[in-house]
Amino acid sequence: EPEVTQTPSHQVTQMGQEVILRCVPISNHLYFYWYRQILGQKVEFLVSFYNNEISEKSEIFDDQFSVERPDGSNFTLKIRSTKLEDSAMYFCASSRGSTTEAFFGQGTRLTVV
Amino acid sequence: KNEVEQSPQNLTAQEGEFITINCSYSVGISALHWLQQHPGGGIVSLFMLSSGKKKHGRLIATINIQEKHSSLHITASHPRDSAVYICAVRLTWLIFGTGTRLQVFP
């Protein structure tokens, strides 16, 4: 069964460093998303991406964040200069359409020290 | 103000019991998702529904669009059902509830 895959599963980085989280969405899906979940809190929307551009983003998704689809398969989230409060589980999701079911990856746990 | 409210926050059950988790929302939506999150953190989609009722194995999900309310039922609960169950409503992205932590004991 097709699935969304995320790498790495866990990343530890020093404050101020850049990190890139990687996702391979399901191959025939057209809509891609990043969500995050701070420990003990609910999952929050970061950004959606369609047709090679950001379609919507939340207030959390500030200038420190960027997304890219560098080739036909990968979808990345970059955090330019990490802060302690960026520590969270980051989930990638994809869907075939804007209103169809979204499928989630297993998440990347980012720890900023 | 939370746009998606779930109840209860925590639920403990004995194996075999019938479980109900409730979700209320305050925004206009195109669909509602029920998701399962295990201790490792991964999220699995259980249902997406925009009207009526869906059933998959021992899981049943219902939605009442007029009342802005959905329920997730688990029949004949089993310890392996222990997880966090999350309701999320779909605008063009998902707005998540805080989840219901379910523990089923043998």
Side-chain angles (χ1 to χ4, degrees), chain A residues 1-11 23 26 29-51 54-61 67 87-111, chain B residues 1-10 21 23-52 54-57 59 61 63 65 70 72 83-101:
Chain A
E1 187 175 317
E3 59 180 17
V4 177
T5 56
Q6 289 186 243
T7 54
S9 56
H10 190 185
Q11 175 138 10
C23 170
I26 294 173
H29 285 187
L30 300 176
Y31 291 79
F32 314 115
Y33 311 86
W34 283 102
Y35 293 85
R36 80 169 185 193
Q37 184 179 33
I38 294 171
L39 188 64
Q41 297 186 22
K42 63 181 180 180
V43 178
E44 302 170 289
F45 168 72
L46 291 178
V47 66
S48 59
F49 192 87
Y50 168 71
N51 202 26
I54 290 173
S55 44
E56 304 198 75
K57 60 183 181 178
S58 71
E59 291 174 352
I60 304 167
F61 194 87
V67 289
S87 295
M89 183 78 103
Y90 288 81
F91 291 101
C92 174
S94 70
S95 62
R96 192 175 299 178
S98 62
T99 57
T100 57
E101 188 170 8
F103 293 86
F104 286 79
Q106 289 298 300
T108 292
R109 184 171 299 284
L110 176 66
T111 304
Chain B
K1 182 187 181 304
N2 285 325
E3 291 141 316
V4 183
E5 299 272 3
Q6 282 185 243
S7 63
Q9 286 190 309
N10 294 284
I21 300 170
C23 175
S24 296
Y25 54 92
S26 58
V27 295
I29 64 170
S30 61
L32 182 143
H33 291 246
W34 282 102
L35 307 134
Q36 183 189 57
Q37 186 172 33
H38 278 280
I43 293 175
V44 174
S45 179
L46 298 174
F47 294 104
M48 186 184 81
L49 62 166
S50 52
S51 65
K54 284 191 176 180
K55 184 175 190 293
H56 182 68
L59 301 178
I63 188 168
I65 295 290
S70 175
L72 176 69
V84 176
Y85 291 84
I86 305 173
C87 168
V89 298
R90 191 172 189 100
L91 305 179
T92 50
W93 63 88
L94 292 175
I95 301 175
F96 286 73
T98 50
T100 294
R101 184 174 301 278

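These figures come from a predicted structure and were not determined experimentally. Chain identifiers are assigned alphabetically (A, B, ...) following the order of the sequence lines, protein sequences preceding nucleic acid strands; residue numbering begins at 1 within each chain.
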Against chain B, label A:A93 side chain, backbone, both or neither, depending on which of its atoms sit under 4.5 Å from a heavy atom there.
->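 Neither; nothing under 4.5 Å.
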Kindly give the heavy-atom pair with the smallest separation between B:L35 and A:F104, and that separation in Å.
->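 Closest approach of B:L35 to A:F104: CD2-CE1, 3.9 Å.
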A:F45 and B:L91: side-chain contact (heavy atoms from CB on, under 4.5 Å), yes or no, with the steps?
-> CA-CA 11 Å; A:F45 168 72; B:L91 305 179; over 6 Å; no
Chain B and chain A: which donor-acceptor pairs fall below 3.5 Å?
{"from": "B:N2", "atom 1": "OD1", "to": "A:K42", "atom 2": "NZ", "distance (Å)": "3.4"}
{"from": "B:Q37", "atom 1": "OE1", "to": "A:Q37", "atom 2": "NE2", "distance (Å)": "3.4"}
{"from": "B:Q37", "atom 1": "NE2", "to": "A:Q37", "atom 2": "OE1", "distance (Å)": "2.8"}
{"from": "B:S45", "atom 1": "OG", "to": "A:E101", "atom 2": "OE2", "distance (Å)": "2.5"}
{"from": "B:R90", "atom 1": "NE", "to": "A:S98", "atom 2": "O", "distance (Å)": "2.9"}
{"from": "B:R90", "atom 1": "NH1", "to": "A:T100", "atom 2": "O", "distance (Å)": "3.3"}
{"from": "B:R90", "atom 1": "NH2", "to": "A:Y33", "atom 2": "OH", "distance (Å)": "2.8"}
{"from": "B:R90", "atom 1": "NH2", "to": "A:S98", "atom 2": "O", "distance (Å)": "2.8"}
{"from": "B:T92", "atom 1": "OG1", "to": "A:E56", "atom 2": "OE2", "distance (Å)": "2.1"}
{"from": "B:L94", "atom 1": "N", "to": "A:Y35", "atom 2": "OH", "distance (Å)": "2.9"}

